[in-house]
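Report on one structure; see the data block that follows.
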Amino acid sequence: MRIEVVQGMPAVREASFGDMAVCADIFNDWVDETPWMPRVHSRTDVTGYYEDIVFKQQQVWVVDVEGSNFGFLSATDDFVTALYLHRDARGRGFGKMLLDHVKLNGSAKLSLWAFEANTKAPAFYRREGFVEVRRTTGENEEGLPDILFCWAKPEVAV
C-alpha cells in the first residue's frame with residue numbers, strides 16, 4: 001500500500017469499520033518491512049483478527065488527512081494494544097497525536113508493551129511520559145523481548 005503524505009491538516013477521529021482493512025494493511029506492511037519481526041500470522045489472518053476482534057472489541061482511532069488514514073491506535077480501557085503508522089507518515093508527529101488524544105480523552109492510566117528491538121518505540125514512549133515497569137525475555141507469541149510501559153495523568157493541584 002502506498003499513500004502520499006499530503007499537506008492538509010491531520011485530525012484524530014474515531015475509526016469506522018471502513019478503516020479496518022487500511023489499519024490491518026498498515027500493521028501487515030510494518031511486519032513485512034521489519035527484519036527482526038517474525039510473521040506469526042498470515043496477512044489474511046491478521047485482517048480477520050482486525051475484523052473480528054480489534055474493530056468489534058476495542059476502541060480504534062486513526063490519523064486522517066484529507067480523507068486518508070495514515071495510522072491508528074487501538075486500546076481496551078487503559079491498555080494500548082497497537083500504535084502503527086504508515087511508512088510514509090512516520091516521524092511527522094502522527095503517533096504523538098494519537099497518543100495525546102487517548103491520554104486526554106481516555107483513562108487516567110495507560111499501559112502498553114513495546115518490543116525491545118524496536119528502539120524508536122521505547123524512546124518515543126519515554127519522551128511521552130511513560131515509565132518502564134518491567135521487561136520480559138520473550139514471553140509473547142513472537143518470542144521477542146519486550147518492555148511494559150505505564151503512564152498516569154499528572155495530578156491536578158486544587
Side-chain angles (χ1 to χ4, degrees), residues 1-37 39-41 43-132 142 146-154:
M1 175 176 80
R2 171 125 174 91
I3 57 175
E4 223 173 280
V5 177
V6 294
Q7 299 301 315
M9 190 64 141
V12 174
R13 64 169 171 79
E14 189 171 355
S16 69
F17 192 75
D19 293 302
M20 187 276 304
V22 173
C23 292
D25 283 347
I26 288 170
F27 174 77
N28 273 319
D29 290 348
W30 179 83
V31 170
D32 291 343
E33 297 163 357
T34 306
W36 51 263
M37 184 65 168
R39 169 134 323 257
V40 179
H41 302 283
R43 289 182 76 94
T44 301
D45 287 347
V46 168
T47 301
Y49 177 77
Y50 274 65
E51 182 176 347
D52 296 337
I53 304 295
V54 175
F55 272 72
K56 288 183 180 174
Q57 298 177 15
Q58 300 179 20
Q59 299 169 302
V60 183
W61 296 272
V62 298
V63 171
D64 185 287
V65 181
E66 296 182 358
S68 293
N69 175 349
F70 285 87
F72 71 97
L73 182 150
S74 59
T76 58
D77 296 322
D78 61 354
F79 194 83
V80 175
T81 59
L83 172 53
Y84 292 94
L85 301 172
H86 184 275
R87 75 177 72 81
D88 295 336
R90 296 178 195 143
R92 297 176 178 268
F94 294 165
K96 179 174 175 37
M97 285 179 66
L98 286 163
L99 204 52
D100 285 349
H101 178 81
V102 173
K103 287 161 98 177
L104 183 64
N105 299 296
S107 176
K109 294 182 180 183
L110 292 173
S111 298
L112 58 85
W113 287 98
F115 291 110
E116 191 176 289
N118 189 3
T119 55
K120 290 182 179 182
F124 167 71
Y125 293 124
R126 286 183 184 104
R127 266 193 325 271
E128 296 307 312
F130 283 77
V131 176
E132 181 178 324
E142 295 85 359
D146 54 3
I147 307 166
L148 177 64
F149 286 97
C150 293
W151 170 88
K153 283 185 182 178

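All values derive from a computational prediction rather than experimental measurement. The figures that follow rest on heavy atoms only: side chains count, while hydrogens, waters and symmetry mates do not.
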Any [X] side-chain heavy atom under 4.5 Å of [Y] side chain:
X      : Y      : result
Leu98  : Phe70  : no
Phe27  : Asp25  : no
Trp113 : Phe149 : no
Asp29  : Tyr84  : no

So, for [X] and [Y], which heavy atoms are closest and what is the spacing to 0.1 Å?
X      : Y      : answer
His41  : Asp45  : CB-CB, 4.1 Å
Asp52  : Gln57  : O-NE2, 4.2 Å
Ala15  : Val62  : CB-CG1, 3.9 Å
Leu148 : Ser111 : CD1-CB, 4.3 Å
Thr47  : Ala24  : OG1-CB, 3.7 Å
Ala75  : Thr81  : N-OG1, 3.8 Å

For Asp19, check salt bridge (charged side-chain N to carboxylate O under 4.0 Å, His left out) against everything at least two apart and list the hits.
Arg13

I'd like to check the side chain to side chain donor-acceptor pair (under 3.5 Å) partners of Lys109; sequence neighbours left out, ordered by chain and number.
none

Sequence neighbours excluded, the answer for side chain to side chain donor-acceptor pair (under 3.5 Å) partners of Glu51 is none

So with a 6.0 Å cut-off around CD of Glu14, is the heavy-atom count from everything else above 12?
no

Quick check: are there more than 12 heavy atoms from other residues, nucleotides or ligands sitting under 6.0 Å from CG of Asp77?
no

Sequence neighbours left out, what passes side-chain contact (heavy atoms from CB on, under 4.5 Å) with Tyr49? Give chain and number order.
Ile53, Val54, Gln58

Please identify each residue that fulfils side-chain contact (heavy atoms from CB on, under 4.5 Å) with Asp78, with sequence neighbours left out.
Ser107

Rounded to the nearest 0.5 Å, the CG atom of Leu104 sits from the NZ atom of Lys153 at a distance of 6.5 Å

Would you call Glu33-Arg39 a salt bridge at under 4.0 Å N-O?
no

Less than 6.0 Å separating the ring centroids of Phe72 and Phe55?
no

Please tabulate, for side-chain N and O atoms in residues 119-131, each donor-acceptor pair with protein atoms closer than 3.5 Å (sequence neighbours left out).
unit_1 : atom_1 : unit_2 : atom_2 : d
Arg126 : NH2    : Glu132 : OE1    : 2.8
Glu128 : OE1    : Lys96  : NZ     : 3.1

